[in-house]
Protein chains: 2
Amino acid sequence: MSDRPAQGLRERKKAKTRALIQREALRLFREQGYAATTVEQIAEAAEVAPSTVFRYFPTKEDLVLVDQFPPFVEALRAAPRELNPVQAVRVTMRQVLDAQTPEERADSVEREKLMLTVPELWAASLDNIRGVMATVRDELAAREGRDPGDPEIRNVTGAIMGVMWALWFDWAKDPSMEVVEAFDQALAHLDAGLPISRGDQSPG
Amino acid sequence: MSDRPAQGLRERKKAKTRALIQREALRLFREQGYAATTVEQIAEAAEVAPSTVFRYFPTKEDLVLVDQFPPFVEALRAAPRELNPVQAVRVTMRQVLDAQTPEERADSVEREKLMLTVPELWAASLDNIRGVMATVRDELAAREGRDPGDPEIRNVTGAIMGVMWALWFDWAKDPSMEVVEAFDQALAHLDAGLPISRGDQSPG
DNA sequence: TCCATTTTGAGAGTCTACTCTCATAATTAT
DNA sequence: ATAATTATGAGAGTAGACTCTCAAAATGGA
């Protein structure tokens, strides 16, 4: 097993082809919808053979799916111990979002919107969603010194994810929304116990 | 006139056929998985032609999907005004679940598990999920005299749904769980502001 | 340059959800 | 009983994701 030097022309070309296919796919999805776009069209747009598309992306769904959460989880792990779960997620979220370049963010936006909009993709991300949820829960459990199966931890995790999803859904409908700020405020609200500001009728 | 049902033989037979097809489908899905079950197999099991299956259920997914939420929303609307959003949902949830017969509950359980487990179905229920979320949010907004677009209402709705989903996911893995009780406790926990019982480190 | 390895295109082929048509059978009305 | 309506079965057909094979082309190493 000799280790290769740097990336040769071959590797670079592959990466380029892969990126090209994906870019064209996303463009077509955006322009004419996911279901209405055939793999053949994507191949044509990227000027490769349909079989080549499948060589790079085992399924059509994979053209959209990207695990964007590993960095998040890593950052969460590094969050200050003195923060409670919600605060930790809040800080981490802001940090991760702030670190993105405008281009990266635009790209994420595009993908997220497709995910939240197209049933097939929402489906394909089921595992992803479950995985993220499980990972966040495990991490929060560890931070709090609790068992990962602890209902309280599960509830907190669920509430955090739920607040974020609700925001995502809203934002998919109104992309002009200031996501970073909105995320922060939403998590702050959750951290404060979700008070309804004016008419507090019955305290917890 | 005899107390024969208002429907003629034709209608009754149709209902029966429909139920039979669906029952066999669910059985096969449970036994060998959703994707691994072809419509042809379902037709064979129900002793009808494949085309007949499609006559009753436009798509394979429709064999599983049922809107179970209208009754929930209706009940939510009727919940006492003095309850806060979380309490209202909690009471409603308990009420709806308690009202189910064991058979109904077993049936729901089966469907829910499929929904949470099978990507295609999770996908098909996207609209449903979004709809439920929107409806619950609108209802909560109305209860609180707030605009449906209010972020605070969105957050509360998201947290409620998130807590419930988290529970569902856990329960899909461990069906022995006492769902009704667990739901109640989870919402109670949320209502209390999601405290982590032992080590409260830093209040909001 | 020459050879070995890898990538690609072309295209035939599979699988399965789903559609359509039409003849036959079952049900209902008269 | 007979005619009209409706449901069903049989089966051919479509679409599109995905697989497989093989020869040609591109690339890397010598």
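So you know, we letter chains A, B, ... as the sequences are listed, proteins then strands, and number each from 1.
Summarising the geometry, the separation between CZ on B:Arg18 and C1' on D:dA7 is reported as 15 Å, rounded to the nearest angstrom. Between A:Ile42 atom CD1 and D:dC18 atom C1' the separation is 13 Å, expressed in whole Å. One can place CG of A:Asp62 at 11 Å from P of D:dT19, the figure rounded to the nearest angstrom. Atom NZ of A:Lys14 is separated from atom C1' of C:dG9 by 16 Å (rounded to the nearest Å). When the P atom of D:dG11 is taken as reference, atom CD of B:Glu44 falls 14 Å away, rounded to whole Å.
Side-chain nitrogen and oxygen atoms of B:Thr52 include at least one within less than 4.0 Å of the OP1 or OP2 phosphate oxygen of D:dG9. Checking the phosphate oxygens (OP1, OP2) of D:dT8, a side-chain nitrogen or oxygen of B:Tyr56 falls inside 4.0 Å.
Legend: residues meeting side chain to side chain donor-acceptor pair (under 3.5 Å) with A:Thr37, ordered by chain and number and at least two apart, are A:Gln32. Applying the side chain to side chain donor-acceptor pair (under 3.5 Å) criterion to B:Gln22, with sequence neighbours excluded, gives no partner residue. Applying the ring pair (Phe, Tyr, Trp, His ring centres under 6.0 Å) criterion to A:Tyr34, with sequence neighbours excluded, gives A:Phe29. The side chain to side chain contact (heavy atoms under 4.5 Å, CB included) check on A:Asp62 picks up A:Phe57, A:Pro58, A:Thr59, A:Leu65, with sequence neighbours excluded.
The side-chain heavy atoms of B:Leu114 and B:Leu26, taken from C-beta on, include a pair separated by under 4.5 Å. Side-chain contact check for B:Met164 versus B:Phe183: some heavy-atom pair is nearer than 4.5 Å.
Using a 4.0 Å heavy-atom cutoff across all strands shown, A:Gln41 reaches no nucleic acid atom at all.
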- line: Protein heavy-atom contacts under 4.0 Å, written 5' to 3' over nucleotides 18-29 of chain C as B (base), S (sugar-phosphate only) or - (none), form the string BBB-----BBS-
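Note on ring orientation: taking the six-membered ring where Trp is involved, the planes of A:Phe169 and A:Trp122 are tilted (angle from 30° to 60°).
An end-to-end axis angle of 20° holds for the helix from C:dT1-D:dA30 to C:dT30-D:dA1, taken from five base pairs per end and rounded to 10°.
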task: Take A:Ser197 and B:Arg146 through the test side chain to side chain donor-acceptor pair (under 3.5 Å) and record every step on the way to the result.
output: CA-CA 10 Å; A:Ser197 55; B:Arg146 308 290 282 253; 3.2 Å; yes
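For the 3.5 Å distance criterion, the side chains of A:Arg111 and A:Ser125 fail to qualify, holding no donor opposite an acceptor.
Residues A:Glu47 and B:Thr38 both approach DNA chain C. Their nearest nucleotides, taken by heavy-atom distance, put A:Glu47 toward the 5′ side.
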